[in-house]
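First the structure, in the form of structure tokens, and then the observations on it.
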Amino acid sequence: MGTRGKIVADSEKGAGERPVVVGVDATPSAQDAATWAAEVADARGAPLRLVLVGPDASVPGWLTALAATLSADADVVPGPGGPEAVADALLTRAGGAALLVVGSYGTGSSSGMLAGSAALRLAGASPCPLAVVRGPASDRTPPTAGPVVVGVDGTASGDDALDLAADLARDLAAPLLVVHVWSDVVAGAGGGAHRRPEDWSELAAQGEAVAAGARRRVLARVPGLDVDVRSVEGTALRTLMDLAESARMIVAAPRSASRAPRADDGVLLGSTSRGLVGFAPCPVVLAPVAVPAGTS
């Protein structure tokens, strides 16, 4: 168990609500993530918990100050500070959380990716929604305006992402932009691409039907929400990356798993969600990994 610094300005805040949990360290990126998470927690009436994995159980002065500023609990977990230990510590706290939040531009960023090793390790493994938070550059804070953008595909995991996005847009009083991207070229079972047999007009009609269904689902869940729904031809990653330039955040679904997620399951991300986590210039929120019933 970690040593908790009870540094809460309003001890009644979020009583009975699941917390928003943030992995923090002394870097500006992690502290930007904590500030972003505090806004979400405040909008949802949820408590905020800052988790630091470090070499000892003492609460450093910067964490005391940050927790006081953000009206948060501070939880220090003694242990090695490497990406694997950080990810494992956060995963143990994610089960009862409403949202798990980490910064980007972290240790282990490589190949042009903006996300650090801990963020990539958590992506696709968290049992609760995961937010990888960053601005368009390491010296710029995450955006606080623009729509919540979500990609949908008509699947159950896409519906989970849509519900999450609708809830975030409602809580933050932000507009919601729902995008369904379709193409006549799809990936086959062996990883190769093949062309779909339907003609262009039929594919476009199918796309419009998915988009219309998404609109109905959103408005049934959050009546009166400001929602724009689009069906476009193209590739999902490129379309969402373009929209991320002006988005407040992007919400996506990881690929479904056939077994319970583990801490090393970053590979369970589909190519679109992995690309967004690695490269998007705004916060990326992933719905939890879907595990079919009866699997382990």
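Counting begins at 1 with the first residue of the sequence. Keep in mind it's a predicted model, so treat the numbers as computed, not measured. Just so you know, these numbers use all the heavy atoms, side chains as well, and skip hydrogens, waters and symmetry mates.
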If you measure from CZ on Arg93 to CG on Leu100, what distance do you get to the nearest 0.5 Å? 11.0 Å

Roughly how far, to the nearest 0.5 Å, is CD1 of Ile250 from SG of Cys282? 4.5 Å

Between Val152 and Asp159, is there a side-chain heavy-atom distance shorter than 4.5 Å? no

Looking at every heavy atom in both Val150 and Ala165, which two are closest together, and how far apart are they? CB-CB, 3.6 Å

Non-hydrogen atoms of Phe279 and Arg134 that approach each other most closely: N-NH2, 3.6 Å

Going through the checks in order, is the side chain to side chain contact (heavy atoms under 4.5 Å, CB included) test met by Asp171 and Val40? CA-CA 8 Å; Asp171 294 342; Val40 174; over 6 Å; no

Nearest atoms (heavy-atom pairs only) where Pro127 meets Leu91: CD-CD2, 4.1 Å

Could you tell me which non-hydrogen atom of Val102 sits nearest to which non-hydrogen atom of Leu90, and how far apart they are? CG1-CD1, 3.7 Å

Side chain to side chain contact (heavy atoms under 4.5 Å, CB included) between Val148 and Val251, intermediate numbers included: CA-CA 7 Å; Val148 173; Val251 181; 3.9 Å; yes

Closest heavy-atom pair, Leu66 versus Ala34, reported as atoms and distance to 0.1 Å, is CD2-CB, 4.1 Å

Kindly determine whether Asp88 and Thr92 satisfy side chain to side chain contact (heavy atoms under 4.5 Å, CB included), including the steps that lead there. CA-CA 6 Å; Asp88 289 345; Thr92 62; 5.6 Å; no

For the atom pair CZ (Arg18) and CZ (Arg44), what is the distance rounded to the nearest 0.5 Å? 7.5 Å

Do we see a donor-acceptor contact under 3.5 Å between the side chains of Ser29 and Thr27? no

Decide side chain to side chain contact (heavy atoms under 4.5 Å, CB included) for Val210 and Asp153; before the verdict, give the C-alpha distance in whole Å, the side-chain angles of both, and the deciding distance to 0.1 Å. CA-CA 7 Å; Val210 172; Asp153 58 6; 6.0 Å; no

Got a second to check how far Asp73's CG is from Leu50's CG, nearest 0.5 Å? 8.0 Å

Once rounded to the nearest 0.5 Å, what's the spacing between atom CZ of Arg248 and atom CG of Leu172? 4.5 Å

Option passing side chain to side chain contact (heavy atoms under 4.5 Å, CB included) with Pro129 (candidates Val20, Leu99, Leu286): Leu99

Is there side-chain contact between Leu240 and Val149, with at least one heavy-atom pair below 4.5 Å? yes

Would a 4.5 Å heavy-atom cut-off, applied to side chains only, mark Pro288 and Pro254 as touching? no

Do Met249 and Val133 have side-chain heavy atoms sitting under 4.5 Å apart? no

Got Asp167 and Arg221 here, is their nearest side-chain heavy-atom distance under 4.5 Å? yes

Please check this pair: side chain of Gln31 against backbone of Val24, looking for a donor-acceptor N/O pair closer than 3.5 Å. no

Distance in Å, Leu70 CG paired with Arg49 CZ, rounded so as to fall on 0.5 Å steps: 14.5 Å

Determine the minimum heavy-atom distance between Leu177 and Arg230, stating which atoms define it. CD1-NE, 3.5 Å

